[in-house]
Amino acid sequence: MSHPLHNVLVVEDETAIAETVLYALRSEGYAARHCLLGNDALARLRQQAYDLVVLDVGLPDMSGFEVCRSLRTFSEVPVIFLTARNDEFDRVLGLELGADDYMAKPFSPRELVARVRARLRRAGSSAAPESAGWQQLGRFAIDREGRRIRFGEQLLDLTRYEYALMAALLQRPGAILSRAQLMDRGWDSDADSADRTVDTHVKTLRAKLRAAGADPDPIRTHRGLGYALEA
């Protein structure tokens, strides 16, 4: 039986299918939760860490592909798609968007649980409880495995690149990191665009930190050198 600290979010609008999946997961010891809509799922995933997401492609408010695309801007949580179609194009698109697996309806709940178990094992989800993943750094806290950052008690709503920038600065609080160093830690862009790319993300980060109550600004600009964070 799986460890109860493995949290799985099931995003499925067909009640009968959702109940079957939830029962199968809970029978194996998973802490399974359910969402009907894609927007609700994204909101929950921003607020709480899950070990895996079972995601239906055909949701009422937005497609599962759109959910996955948005999810990948702030989380690398494993995703298993469910779909009523076994179309190769859908499978390829889902995997390209960052899904880890794909199951076509109708499917065996036992097979789904087996795939969930395999993905969690691969992701190393037998680790410590989620709360143990947070590292406190002054007013900031970072969960590197969950790719989340808090300022005070507020979870910051960060894009993939904003997270990479903040994580790099938090790794060495007070140290001045050049734009090139920051690029190396989170970007694939060309070197000649480093200044503009980093500066743009610093600007958006500062706006989000102000909205979270950061005053004075914890990100310091060192002209000609780079940026440093006062944690």
Side-chain angles (χ1 to χ4, degrees), residues 5-7 9 42-53 68-79 98 120 122-231:
L5 287 171
H6 289 161
N7 295 309
L9 182 63
L42 287 171
R44 189 175 297 194
L45 287 159
R46 288 182 185 277
Q47 295 299 322
Q48 179 182 347
Y50 285 85
D51 298 303
L52 186 139
V53 179
C68 189
R69 187 181 291 111
S70 296
L71 177 61
R72 283 295 175 253
T73 66
F74 64 89
S75 174
E76 296 300 320
V77 62
V79 172
L120 288 173
R122 193 170 303 174
S125 294
S126 59
E130 184 61 32
S131 59
W134 287 99
Q135 177 188 5
Q136 195 71 35
L137 295 165
R139 295 172 291 172
F140 290 90
I142 182 169
D143 170 18
R144 295 187 185 277
E145 184 176 351
R147 299 179 67 83
R148 301 177 298 164
I149 296 173
R150 290 196 309 247
F151 181 81
E153 295 301 316
Q154 184 166 336
L155 186 67
L156 299 176
D157 182 9
L158 303 178
T159 66
R160 169 190 168 189
Y161 295 117
E162 289 168 348
Y163 170 81
L165 178 58
M166 281 297 301
L169 291 169
L170 283 167
Q171 192 166 7
R172 300 186 62 193
I176 301 173
L177 299 180
S178 69
R179 292 175 177 85
Q181 286 176 308
L182 292 169
M183 288 285 289
D184 286 343
R185 286 163 169 77
W187 274 270
D188 301 319
S189 305
D190 296 333
D192 58 5
S193 67
D195 290 4
R196 182 175 65 256
T197 301
V198 173
D199 291 348
T200 297
H201 284 87
V202 167
K203 183 177 179 179
T204 60
L205 264 176
R206 282 173 164 156
K208 291 181 179 182
L209 287 167
R210 276 197 307 273
D215 186 23
D217 180 11
I219 301 177
R220 300 297 187 200
T221 302
H222 296 268
R223 295 193 179 279
L225 296 174
Y227 295 98
L229 184 75
E230 293 189 4

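Here, residue 1 is the first one in the sequence, and each next residue gets the next number. What you see is a predicted model; the values in this text were computed from it and never measured. Values below: all heavy atoms of this structure, side chains included; hydrogens, waters and symmetry mates excluded.
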Atom OG1 of Thr221 and atom CG of Asp199: how far apart are they, to the nearest 0.5 Å? 8.0 Å

Without swapping roles, check the side chain of Asp51 against the backbone of Asn7 for a donor-acceptor pair under 3.5 Å. yes

Sequence neighbours left out, what passes side chain to side chain contact (heavy atoms under 4.5 Å, CB included) with Glu76? Give chain and number order. Arg72, Arg147

In terms of heavy-atom contacts, Ala228 and Gly174 come closest through CB-O, 3.9 Å

The side chain to side chain contact (heavy atoms under 4.5 Å, CB included) partners of Ser75 (sequence neighbours excluded) come to Leu71, Val77

Residue pair Leu209 / Phe140, side-chain heavy-atom distance below 4.5 Å: yes

Taking all heavy atoms of Leu169 and all of Tyr227, pick out the closest pair and write down the distance. CD2-O, 3.8 Å

Roughly how far, to the nearest 0.5 Å, is CZ of Arg179 from CG of Leu225? 9.5 Å

Compare every heavy atom of Tyr50 with every heavy atom of Leu45, then report the nearest pair and how far apart it is. CD2-CD1, 3.7 Å

With sequence neighbours left out, which residue pairs that include part of residues 207-219 fulfil the salt bridge (charged side-chain N to carboxylate O under 4.0 Å, His left out) condition? Glu162-Lys208, Arg206-Asp217

Salt bridge (charged side-chain N to carboxylate O under 4.0 Å, His left out) against Arg220, all qualifying residues, sequence neighbours excluded: Glu230

Going from CD1 on Ile142 to CD1 on Ile149, what distance comes out if it is rounded to the nearest 0.5 angstrom? 4.0 Å

Check side chain to side chain contact (heavy atoms under 4.5 Å, CB included) between Arg172 and all other residues, then give those that pass, not counting sequence neighbours. Ala175, Leu177

If the condition is side chain to side chain contact (heavy atoms under 4.5 Å, CB included), which residues does Arg150 pass it with, not counting sequence neighbours? Trp134, Gln136, Ala141, Leu155

Starting at CD of Gln135, measure out to CG of Leu170 and round the result to the nearest 0.5 Å. 8.0 Å

Any sub-3.5 Å donor-acceptor pair from Gln47's side-chain atoms to Arg44's backbone N or O? no

To the nearest 0.5 Å, tell me how far Gln171 CD sits from Leu137 CG. 10.5 Å

Give me the atom names and distance for the closest heavy-atom approach of Phe74 to Leu158. CB-O, 3.4 Å

Hey, does Pro173 have a side-chain heavy atom less than 4.5 Å from the side chain of Leu229? no

For the residue pair His201 and Tyr161, what are the closest heavy atoms and their distance? NE2-CB, 3.4 Å

Closest non-hydrogen contact found for Phe151 with Ala212 is CD2-O, 3.8 Å

